[in-house]
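Here the structure is a predicted model, which means the values were calculated and not measured.
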Amino acid sequence: MSTVVPRTKRARHPHDDAPDTAGDLERLASLPPGRERERLQQEIVRAWVPMAYRLAHRYRNRSESLEDLQQVAALGLVKAVDRYDPGRGCAFESYAVPTIVGELRRHFRDNLWDLHVPRRVQELRNKVRASRRELSLTLDRRSPTIAQIAEHTGLSEEDVQLGMEALESYRTLSLDSPYPHAEDAFTRADTLGDCEPGYDRVIYRESVKPRLRKLPERERRILYLRFFCDMSQSRIAAEVGISQMHVSRLISSTCQRIRREVEAETTPSATGDAARGATGARRG
């Protein structure tokens with residue numbers, strides 16, 4: 001008596017419920033552009049939309065609304081239907097799935113990064129992130145080192161560091177967000193430096209000092225009384241023994257002359273550097 005071996009139930013493919021549109025796709029490929037072709041294309045797209053939505057559902061936990069992902073997947077489906085060539089011999093879903101997934105990944109790459117990151121760096125980020133996740137399972141949840149990630153991925157340590165830096169580029173933080181482990185509502189903006197006017201004041205004083213030393217005694221005394229002793233022009237006039245109008249003219253002319261001398265000292269240097277750079281460029 002022969003033994004009856006029960007048949008094992010074949011696991012269903014995720015797209016086993018796919019519609020039979022092989023005939024419509026062949027007909028679509030033979031139709032010229034026009035209204036009939038557009039109508040048939042829309043019917044095929046409607047038939048395959050459930051598959052596109054299932055693919056979009058895989059990416060639902062990536063800080064993007066499911067409705068937007070479904071629209072992107074539908075766009076990829078339209079492209080797949082339009083570009084599919086039945087003459088190549090492959091099933092439509094074998095062509096459509098990579099097309100739709102590629103459209104979804106392109107959407108994340110081009111539209112959802114807060115900072116613009118080159119494609120190569122994004123790919124490094126994905127490799128580093130996947131490697132860190134895999135290695136953490138074998139290292140008792142410890143964070144792997146850069147050298148371990150480099151060995152696991154086959155990347156150089158420089159590329160690993162670049163990918164790790166990109167891990168923080170997908171989403172940015174507001175400067176008003178609280179700083180980690182800080183008290184009293186300490187924000188990230190509180191850690192930033194600010195312009196220090198005192199530095200500019202030092203530069204201005206050091207630039208003016210040699211010009212002040214070269215002034216005649218009377219002009220130097222007038223500027224001292226005006227800007228260091230905060231005396232009015234009328235008091236200075238009485239102190240020096242000249243008219244207030246003369247004091248005003250001397251202050252104005254002296255300040256203008258010093259300013260021109262300071263600017264003349266810096267401008268030719270900048271002009272000379274630019275001229276030397278232009279000469280070097282012409283020679284190169």
Would you name the heavy atoms of [X] and [Y] that are closest together and state the gap between them?
| X | Y | answer |
| --- | --- | --- |
| Arg120 | Asp159 | NH2-OD1, 2.8 Å |
| Gln41 | Val78 | NE2-O, 3.9 Å |
| Asp24 | Leu40 | O-CD2, 3.6 Å |
| Thr21 | Ala47 | CG2-CB, 4.2 Å |
| Ala56 | Ala73 | CB-CB, 3.9 Å |
| Ser234 | Gln244 | CB-OE1, 3.8 Å |

Problem - Trace of the side chain to side chain contact (heavy atoms under 4.5 Å, CB included) decision for Tyr84 with Ser94 - result: CA-CA 10 Å; Tyr84 175 66; Ser94 300; over 6 Å; no
Heavy-atom neighbours of [X] [atom1] exceed 12 at 6.0 Å:
| X | atom1 | result |
| --- | --- | --- |
| Arg105 | CZ | no |
| Tyr204 | OH | no |
| Arg39 | CZ | yes |
| Arg259 | CZ | no |

[X]-[Y] co-clustered via ILVMFWY side chain contacts under 4.5 Å:
| X | Y | result |
| --- | --- | --- |
| Val208 | Val202 | no |
| Val49 | Val81 | yes |
| Phe228 | Leu250 | yes |
| Leu212 | Tyr224 | yes |
| Ile146 | Ile149 | yes |

Working to the nearest 0.5 Å, report the span between [atom1] of [X] and [atom2] of [Y].
| X | Y | atom1 | atom2 | result |
| --- | --- | --- | --- | --- |
| Leu223 | Arg221 | CG | CZ | 12.5 Å |
| Glu239 | Ser232 | CD | OG | 11.0 Å |
| Asp68 | Gln70 | CG | CD | 9.5 Å |
| Ser143 | Leu135 | OG | CG | 10.5 Å |
| Tyr59 | Leu104 | OH | CG | 6.0 Å |
| Arg129 | Met164 | CZ | CE | 13.5 Å |

Keeping [X] on the side-chain end and [Y] on the backbone end, is there a donor-acceptor pair under 3.5 Å?
| X | Y | answer |
| --- | --- | --- |
| Glu206 | Ile203 | no |
| Ser252 | Ser248 | no |
| Arg60 | His57 | yes |
| Thr254 | Ile251 | no |
| Arg211 | Ile258 | no |
| Thr99 | Tyr95 | yes |

Practice task
Please determine if Asp82 and Arg37 form a salt bridge, counting it only when a charged side-chain N lies under 4.0 Å from a carboxylate O.
Solution key: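 Arg37 and Asp82: salt-bridged.
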Exercise for the section: Apply salt bridge (Lys or Arg N to Asp or Glu O under 4.0 Å) to the pair Glu263 and Arg260, showing each step before the final yes or no. Expected result: CA-CA 5 Å; Glu263 292 177 347; Arg260 285 195 302 267; over 6 Å; no
Answer yes or no: is there a side-chain heavy-atom contact under 4.5 Å between [X] and [Y]?
| X | Y | result |
| --- | --- | --- |
| Pro86 | Phe92 | no |
| Gln148 | Thr145 | yes |
| Thr138 | Glu134 | no |
| Arg213 | Arg220 | no |
| Ile100 | Met51 | yes |
| Glu219 | Lys214 | no |
| Ile242 | Ile222 | yes |
| Arg58 | Leu55 | yes |

Practice task
Please test Arg226 against Met231 for side chain to side chain contact (heavy atoms under 4.5 Å, CB included), starting from the C-alpha separation and ending with a verdict.
Solution key: CA-CA 5 Å; Arg226 179 68 185 93; Met231 292 178 59; over 6 Å; no
Exercise for the section: Check the pair Leu155, Leu124 against side chain to side chain contact (heavy atoms under 4.5 Å, CB included), reporting the backbone distance first and the verdict last. Expected result: CA-CA 9 Å; Leu155 300 172; Leu124 292 176; 3.9 Å; yes
Handout entry: Steps toward side chain to side chain contact (heavy atoms under 4.5 Å, CB included) verdict (Cys229, Ile236)
Key = CA-CA 10 Å; Cys229 299; Ile236 295 173; over 6 Å; no
